[in-house]
Amino acid sequence: MCGMASAESTQASVHEREPVRPTKEDEVAAAGSELIGGPLGRRALLGSSWWTPVRVIALVAIGMFALGLVQKAPCYNGAWFFGASSQYTHACYSDIPHLYQGRGFADGLVPYFDRLPGDMQYLEYPVLTGVFMEVASWLTPGSGTIQDQEQWYWMVNAGMLMVCAAVIVVCVTRTHARRPWDGLLVALAPAAALTATINWDLLAVALTAAAMLMWSRGRSLAFGVLLGLATAAKLYPFLLLGPLMVLCWRTGRWRSFGKALGGAIVAWVVVNGPVMLFAFEGWSKFYTFSQERGVDFGSFWLIMAQNSDDPLSTDTVNTLATLLMLVCCAAVAALALIAPRRPRFAQLAFLIVAAFILTNKVYSPQYVLWLVPLVALARPKWRDFLIWQACEVAYFLGIWLYLAYTTSGDAHKGLPTDGYHWAIALHLLGTLYLCVMVVRDIFMPDRDPVRRSGDDDPSGGVLDGAEDVFVLGPAARPRQHVAHARFDGPPVEWGRPGPTGGSL
């Protein structure tokens, strides 16, 4: 009997380590695989080739990034420099070449320390992004015309951002060890390829993806350091500490959260401290600019403002947007504590960043990059991912056509205001659709693609398989099994009350 039990345990262990094949579980993935010969067969030899998932996905990501560079060719060859609206009609706008001269890099000015001659007195980006921009300017040849220098500056930044894109897909591919092919969602995301070189957001996204990989490996301090660096490059990554705190509260993993929080604070202070100390006015420009900035592109606030005879003031919008975000934070916290089964970290991370995007007073098209890795980890379902990406591509085209309309004078080439509002609505609805799907997965884990494969929380690190010590409401119910007839595989457990009796 003991020998039989041991054999059964060994077989189960081997089965648990078997990689998940998307073409077996996802209808859209199976249909798409026909382009390369069809779904993977059951007799396929896995891991016997140089072409590992990580390498394949990294190469695909670099290829898609290169296609994004090609899409910018009309602007590189002249539209950035000649004609007010041609960069919009070709949908190839980028901040990078314009800010080379506009933020003093062409003149050798030091970000945050040297005052700029234009309306923007100091660089309005977080410190680590400013360092990234400055390093790129050092690598840009100072000879030739200003156009030549701006073209070089964009190419240098593109090369550095391509490294960030490769880091992102490698980290996402390795975060869910049994689901490496989910990284293809990131690598093939069309909206990511189109927006990768609009701005410098990929730096923060890469650091955030690396942080989540570290957390999935149980390295709490490394997670915190990387998240602190990501927050020093862009503001949004710090939001991930909120869901993590609530999940650690539910499982009693306070020591791990403390390491993460401490690492994040120290890393952020190390980067920002010297600039705060010696150039506070320049350092604070990012925060004052964000506060003073009016309602801008891509938000529902803009739709309201452009359809109102008496639009809300900037201060009022700031207050209302902050209140809405706080409500969303409270809702995510409640969801984490009342869900019958503890939500996965990636699910709550996606929801909190999506809430920030939906409630914010501005949505630049490159902000989609923030969500792409989180969606691949939270809801690795090709159908839903492609629906969302279609909405984001529509918005990408919509904003440039709207700007073409507003800058083409009496010619009115492009998309009028009403049409742009529909593009904003598509972006909002696509993001909300994903939020609904993720919330449904949280309350019905038998529909969660990750948990249907037999995993608990592969990106959760110390949370993976952890028992609950503090729950509220429905989460306090006894364990139960649910498995609808339409789904194959073993039933999925709801609720994991711990032995401490901490449920309320």
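In this chain, residues are counted from 1 in sequence order.
Taking SG of C391 as the reference point, atom CG of L386 lies at 11.0 Å (rounded to 0.5 Å). The NZ atom of K234 lies 11.0 Å from the CG atom of L202; values are rounded to the nearest 0.5 Å. Atom CG of residue D107 and atom CG of residue L116 lie 9.5 Å apart, to the nearest 0.5 angstrom. Here the CD1-CD1 distance, from I424 to I303, works out to 4.5 Å after rounding to the nearest 0.5 Å.
Shortest non-hydrogen contact noted between S290 and K361 is O-NZ, 3.0 Å. L221 and K259 get closest at one heavy-atom pair: CD1-O, 3.7 Å. Contact record, V269 with P274: O-CD, 4.1 Å, taken as the closest heavy-atom pair. Annotation for S408 and K413: closest pair OG-N, 2.9 Å, computed over non-hydrogen atoms. Here the closest heavy-atom approach between residue T89 and residue A404 is recorded as CG2-CB, 3.7 Å. L227 and A211 get closest at one heavy-atom pair: N-CB, 3.9 Å.
Side-chain atoms of R253 never come within 3.5 Å of backbone atoms of L463 as a donor-acceptor pair (strictly under, hydrogens ignored). Using modelled atom types, one side-chain atom of D148 and one backbone atom of T145 make a donor-acceptor pair closer than 3.5 Å. The backbone N or O of A191 lies less than 3.5 Å from a partner atom in the side chain of Q389, making a donor-acceptor pair. Counting only distance, with no hydrogens or angles, the side chain of D464 and the backbone of G460 share no donor-acceptor pair below 3.5 Å. For Q149 (side chain) and G142 (main-chain N/O), a donor-acceptor pair under 3.5 Å exists by modelled atom type. Side chain of R344 to backbone of A378: a donor-acceptor contact under 3.5 angstrom is found. K72 places no side-chain N or O within 3.5 Å of a backbone atom of L67 that could act as its donor or acceptor partner. The backbone N or O of A233 lies less than 3.5 Å from a partner atom in the side chain of T129, making a donor-acceptor pair. Judged purely by atom type and a 3.5 angstrom limit, S299 has no side-chain atom pairing as donor or acceptor with the backbone of V295. Panel note: side chain N318, backbone Q291; a donor-acceptor pair is recorded below 3.5 Å.
Within 6.0 Å of CZ on F278 lie no more than 12 heavy atoms contributed by other residues, nucleotides or ligands. The 12-atom threshold is not exceeded at CZ of R219, counting heavy atoms of other residues, nucleotides or ligands nearer than 6.0 Å. Few gaps surround CH2 on W301; more than 12 heavy atoms of other groups in view lie less than 6.0 Å from it. Around atom CH2 of W422, no more than 12 heavy atoms belonging to other residues, nucleotides or ligands sit under 6.0 Å away.
Under the 3.5 Å distance criterion, with hydrogens and angles disregarded, a donor-acceptor pair is assigned to the side chains of E134 and W138. Using modelled atom types, one finds no donor on one side chain facing an acceptor on the other under 3.5 Å when comparing D201 with Y367. A donor atom on one side chain and an acceptor atom on the other are found under 3.5 Å apart for D95 and Y93.
Proximity of L358 to L428: side-chain heavy atoms (C-beta onward) are separated by under 4.5 Å at one or more points. Residues T197 and N157 are not in side-chain contact: their nearest non-hydrogen atoms beyond the backbone lie 4.5 Å or more apart. P311 is not listed as a side-chain neighbour of M304, based on a closest heavy-atom distance of 4.5 Å or more. Side-chain contact between N77 and H90 is absent, with no heavy-atom pair separated by less than 4.5 Å. Between F350 and L371 there is a side-chain heavy-atom pair separated by less than 4.5 Å. At a threshold of 4.5 Å between non-hydrogen side-chain atoms, the residues Y153 and L99 do not count as touching. Contact of the T431 side chain with the E392 side chain is registered, since non-hydrogen atoms from C-beta on lie closer than 4.5 Å. V135 has its side chain within reach of M160: a pair of non-hydrogen atoms, C-beta onward, lies under 4.5 Å apart.
Relative orientation of the Y88 and W400 rings is parallel, given thresholds of 30° and 60° on the angle between their planes. A perpendicular orientation is assigned to the rings of W382 and F385, their planes being inclined by more than 60° (bins at 30° and 60°). Relative ring orientation between W370 and Y236 is described as parallel, the plane-to-plane angle staying below 30° on a 0-90° scale split at 30° and 60°. Using the six-membered ring where Trp is involved, Y395 and H427 have ring planes that are tilted, between 30° and 60° apart.
Remark: of the listed residues I442, V375, D384, D384 is the sole one forming a side chain to side chain contact (heavy atoms under 4.5 Å, CB included) with M437. The salt bridge (charged side-chain N to carboxylate O under 4.0 Å, His left out) with E124 is formed by just one residue from the set R103, R293, K285; it is R103. Under the ring-ring contact (aromatic ring centres under 6.0 Å, His included) test applied with W154, the options W80, Y100, F105, F81 reduce to a single match, W80.
Taking 4.0 Å as the cut-off between side-chain N and carboxylate O, D182 and R179 count as a salt-bridged pair.
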